[in-house]
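First up is the structure itself, then whatever we jot down about it.
By convention in this document, chain letters (A, B, ...) are assigned in the order of the sequence lines, proteins followed by strands, and residues within each chain are numbered from 1.
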There are 2 protein chains.
Amino acid sequence: MSKPQRMPISALKVAERAGVSRSAVSRTFTEGASVSPATRLKVLKAAEELGYHVNHLARGLIRHQSGIVCLIVADINTPHQSFFLEATTRHLQATGKVVMVLNTSGEQHTIENALRQTLNYRADATVVMSGRPSRSLVETCIHNGQRVITINRDDLPEGTEQIIVDNDEASKEAFLMLERAGCKNLAVISSTAGSPSILARENFFMEAAVKAGVPARLCRVGPTNYQTGITAARQILAGSNRPDGVFCVTDLLALGFMDAAKRDFSLHIPQDLCIIGFDDIQQASWQAYELTSFRQPLEEIAQTIATSLQDNTSLPPQLKFPLQTVWRRSVRP
Amino acid sequence: MSKPQRMPISALKVAERAGVSRSAVSRTFTEGASVSPATRLKVLKAAEELGYHVNHLARGLIRHQSGIVCLIVADINTPHQSFFLEATTRHLQATGKVVMVLNTSGEQHTIENALRQTLNYRADATVVMSGRPSRSLVETCIHNGQRVITINRDDLPEGTEQIIVDNDEASKEAFLMLERAGCKNLAVISSTAGSPSILARENFFMEAAVKAGVPARLCRVGPTNYQTGITAARQILAGSNRPDGVFCVTDLLALGFMDAAKRDFSLHIPQDLCIIGFDDIQQASWQAYELTSFRQPLEEIAQTIATSLQDNTSLPPQLKFPLQTVWRRSVRP
DNA sequence: CTGAAAGCGCTTACAG
DNA sequence: CTGAAAGCGCTTACAG
């Protein structure tokens with residue numbers, strides 16, 4: 001007790017103290033193994049006294065199931081991503097998994113490294129939220145018996161389980177909302193990121209607009225963040241042909257756009273300008289904004305992933321979730 | 001090639017294909033082991049062809065170093081926490097570690113479970129950002145040769161390496177700033193969370209106020225979030241004895257307070273009311289707020305943790321980082 | 001129900 | 001530089 005032991009204690013030590021075989025201690029810690037109540041008690045007592053904890057590294061080694069799921073994600077510090085991360089870790093933990101987060105900058109080599117780690121640690125599954133992993137590496141994951149689940153990207157190889165959100169539907173709906181509000185001159189504020197989701201939102205909105213014969217322009221002046229929203233507003237609102245209805249491909253863009261519209265151009269929302277965002281991040285509901293937006297069903301997605309991993313039953317090749325439109329005050333009713 | 005292999009391939013297979021011993025393949029993948037260029041090349045080639053990846057579970061088992069560091073954190077979806085998470089994962093990965101995030105709700109049993117996982121996976125270290133882990137479990141971690149690093153909590157057992165931020169200094173400075181701005185009637189908006197950081201901020205501000213003889217009251221009407229800021233404002237600004245200077249223990253509280261002050265009470269900031277936040281989250285700099293605040297040196301903290309883990313040299317028992325005051329427009333100069 | 005034994009995939013002295 | 005062997009801490013048929 002007085003001299004701290006440097007090494008974790010092993011099942012063998014517990015067995016010795018409890019006066020049973022190492023098999024017995026193994027059994028008392030594995031779900032549904034057959035141990036008599038008496039020996040189980042002895043083992044539990046000894047384990048408690050010694051501070052024993054099953055070594056999941058060793059267990060994973062022989063069971064070929066590490067219990068680890070890797071999350072490959074970029075921009076963790078962004079509201080939407082951090083919400084998803086929170087939901088995913090919570091649900092996965094509830095089913096006994098543990099999540100390893102691999103932070104990628106979106107550059108090719110960092111995401112390759114992330115994929116490599118997922119392989120190194122023999123993760124049961126990897127969830128890809130960012131980046132464009134090389135086809136070959138993803139294939140290696142799958143060949144290794146690992147499941148790979150992707151969120152909002154449809155550009156990945158066969159064998160991958162894809163979860164997507166109905167960007168199509170929502171973007172058309174956004175157009176309709178603006179049209180109903182009487183907007184005659186539209187703009188979609190996007191970013192230069194070019195991810196599948198972003199592209200889909202741009203495309204479906206623009207398409208709906210041309211189909212209806214309403215003029216709409218597309219604006220991409222930087223990465224997907226608040227500042228780009230500001231820059232876009234300054235650029236697009238300064239011209240003579242000012243839009244009166246704006247669809248932002250992301251709430252962060254919308255919030256920046258609103259701030260610039262109000263402060264730099266003294267525009268009133270929704271009277272002078274209607275605006276719609278996407279993702280329904282927390283800040284969208286703040287009193288300074290009250291942005292109408294589309295909510296991604298993050299809880300449901302995380303839940304789906306967790307139970308699918310728990311039951312070890314694979315998802316359909318492509319699973320599409322609906323978005324929920326959240327009406328607030330940035331669009332005239 | 002056509003029939004996908006379910007199991008990851010092992011070093012033995014690589015050795016066979018390369019025509020060397022398994023030791024040789026092990027050596028080519030361990031830093032600084034002695035292998036001739038020739039055999040290394042053969043091994044690398046075979047590994048590439050087979051899609052081999054060292055099993056870190058097995059490696060961790062024999063090296064007694066998993067390469068994993070656990071982050072125990074609550075409220076991941078909060079701006080401040082998600083920034084810290086981003087910085088930490090990034091820096092740790094850069095030094096070859098991988099981070100496992102354990103999402104705790106702040107309830108006792110969830111944090112105990114998290115601590116247990118950190119033990120199960122034989123993490124090299126655990127970084128505690130939330131909750132009040134039981135003394136005994138933390139001691140078990142340390143007994144097991146694991147390092148435990150805490151952020152902004154000074155209430156943990158011996159052997160723990162504590163990183164804190166100079167709440168003392170900053171809170172006093174906050175008072176001084178408000179005093180210099182001519183505020184005569186102060187309030188500190190806090191929460192019911194009662195974490196060491198929050199308590200420290202309250203206390204040092206209040207202390208400075210009474211010492212200077214300026215009236216100040218303390219308001220705690222809910223958890224540490226935006227909504228509580230709103231509630232606090234509605235409560236405190238409605239009375240006859242309205243404060244003209246407010247210190248919010250967190251930016252999120254401040255942002256909620258500002259929104260309510262502006263919208264529900266038509267107050268102008270900083271003319272009618274000066275307000276100071278804490279943490280300097282991204283939203284504090286948004287045009288709708290321009291909140292003056294204190295920045296936590298998250299990058300430096302993450303960096304410090306990473307290099308300390310890399311060099312395997314322990315931190316001083318208590319390491320204190322200064323805060324940087326970020327002037328914006330919510331306080332009269 | 002229980003224990004002795006084999007084996008998971010690796011690394012590291014130990015000889016050569 | 002290289003290989004055969006021992007061992008990390010576990011689990012799981014296999015007998016009893």
Side-chain angles (χ1 to χ4, degrees), chain A residues 5-44 46-47 50-68 119-124 144-146, chain B residues 5-44 46-47 50-68 119-124 144-146:
Chain A
Q5 22 173 156
R6 293 278 79 192
M7 293 281 75
I9 84 109
S10 71
L12 185 56
K13 298 241 176 77
V14 177
E16 281 166 358
R17 175 180 270 249
V20 298
S21 72
R22 76 211 293 148
S23 311
V25 4
S26 180
R27 288 195 186 97
T28 99
F29 289 106
T30 103
E31 200 84 13
S34 71
V35 228
S36 71
T39 71
R40 132 166 273 125
L41 232 61
K42 279 193 287 186
V43 171
L44 254 21
L50 258 26
Y52 172 70
H53 292 267
V54 177
N55 186 332
H56 278 23
L57 265 26
R59 170 178 280 185
L61 193 55
I62 84 101
R63 284 206 185 152
H64 297 287
Q65 278 236 58
S66 62
I68 297 172
L119 255 8
N120 284 138
Y121 283 97
R122 299 300 191 258
D124 298 337
N144 284 348
Q146 195 174 80
Chain B
Q5 24 174 156
R6 295 274 80 190
M7 293 278 74
I9 84 109
S10 72
L12 184 56
K13 298 241 175 76
V14 177
E16 282 168 359
R17 175 181 270 250
V20 299
S21 72
R22 77 211 294 146
S23 312
V25 2
S26 180
R27 286 194 187 100
T28 98
F29 290 107
T30 103
E31 199 85 12
S34 72
V35 228
S36 71
T39 70
R40 134 168 272 125
L41 232 61
K42 280 192 289 187
V43 171
L44 254 21
L50 260 24
Y52 172 70
H53 293 267
V54 177
N55 186 332
H56 278 23
L57 264 27
R59 171 178 279 182
L61 193 56
I62 84 101
R63 284 207 185 149
H64 295 287
Q65 278 235 59
S66 62
I68 296 171
L119 254 11
N120 283 138
Y121 283 96
R122 300 301 192 257
D124 298 337
N144 283 347
Q146 194 174 81

How does DNA chain C read in dot-bracket, base by base from 5' to 3', with Watson-Crick or G-U pairs under 3.5 Å and | used when the partner is on another strand? |||.||||||||.|||
Any B:Tyr121 side-chain N or O less than 4.0 Å from OP1/OP2 of D:dG9: no
Minimum heavy-atom separation for A:Ala15 and A:Val25, please, with both atom names. CB-CG1, 3.6 Å
Would you classify B:Ser26 as touching base, sugar-phosphate or nothing, given that sugar-phosphate means primed atoms plus P, OP1 and OP2, and contacts are heavy atoms under 4.0 Å? base
Walk me through whether B:Phe29 and B:Leu44 qualify under side chain to side chain contact (heavy atoms under 4.5 Å, CB included). CA-CA 9 Å; B:Phe29 290 107; B:Leu44 254 21; 4.0 Å; yes
From CE of A:Met7 across to P of D:dG7 the rounded distance in Å is 17 Å
Using a heavy-atom cut-off of 4.0 Å across all strands, would you classify A:His64 as base, sugar-phosphate, or nothing? sugar-phosphate
Please write out the pairs of protein N or O atoms and N or O atoms of nucleotides 13-15 of chain C separated by less than 3.5 Å, giving the distance to one decimal.
{"from": "C:dA13", "atom 1": "N6", "to": "B:Arg27", "atom 2": "NH2", "distance (Å)": "3.0"}

Min side-chain heavy-atom separation A:Thr30-A:Arg63 under 4.5 Å: yes
Rounding to a whole Å, what distance do you find between B:Arg40:CZ and D:dG3:P? 15 Å
Mind checking whether A:Tyr52 and B:Leu119 have side chains closer than 4.5 Å, heavy atoms only? no
Are any of A:Arg22's side-chain N or O atoms less than 4.0 Å away from OP1 or OP2 of C:dT2? no
Would you say B:Arg59 reaches C:dT11's phosphate, i.e. side-chain N/O to OP1/OP2 under 4.0 Å? yes
Considering only D:dG3, D:dT11, C:dT2, which nucleotide approaches the side chain of A:Val54 most closely? D:dT11
A:Asn55 side chain reached by A:Pro8 side chain, heavy atoms, under 4.5 Å: no
If you look at every strand shown and take non-hydrogen atoms under 4.0 Å, does B:Ser10 touch a base, only sugar-phosphate, or nothing? sugar-phosphate
Nearest atoms (heavy-atom pairs only) where A:Leu57 meets B:Gly60: CD2-C, 4.2 Å
A:Val35 or A:Arg122: which one's nearest nucleotide on DNA chain C is closer to the 5' end? A:Val35
Could you state the atom-to-atom distance from CD of A:Glu16 to P of D:dG9 in whole Å? 12 Å
Give the rounded distance in Å between these two atoms: CD1 of B:Ile9 and P of C:dC8. 14 Å
Check for a donor-acceptor pair, side chain of A:Gln146 on one end and backbone N or O of A:Ala123 on the other, with a separation under 3.5 Å. yes
Does B:Lys42 reach the side chain of B:Thr28, with side-chain heavy atoms less than 4.5 Å apart? no
Would you say C:dG3 has OP1 or OP2 under 4.0 Å from some side-chain N or O of A:Ser21? yes
Do B:Asn120 and A:Arg59 come close enough that some side-chain heavy atom pair is under 4.5 Å? no
Which nucleotide wins on minimum distance to the side chain of B:Val20, given the candidates D:dG3, C:dT11, D:dG9? D:dG3
Between atom NE2 in A:His53 and atom P in D:dG9, what is the gap in whole Å? 15 Å
What's the NZ-C1' distance between B:Lys42 and D:dT2, to the nearest Å? 11 Å
Please state how far atom CG in A:Leu61 lies from atom P in D:dG9, giving the value in whole angstrom units. 13 Å
What are the two closest non-hydrogen atoms of A:Ser66 and A:Arg122, and how far apart are they? OG-O, 2.7 Å
For A:Ile62 and D:dC10, what is the distance between atoms CD1 and C1' respectively, to the nearest whole Å? 6 Å
Taking for each residue the nucleotide of DNA chain D with the nearest heavy atom, is it A:Tyr52 or B:Ser36 whose nucleotide lies nearer the 5' end? B:Ser36
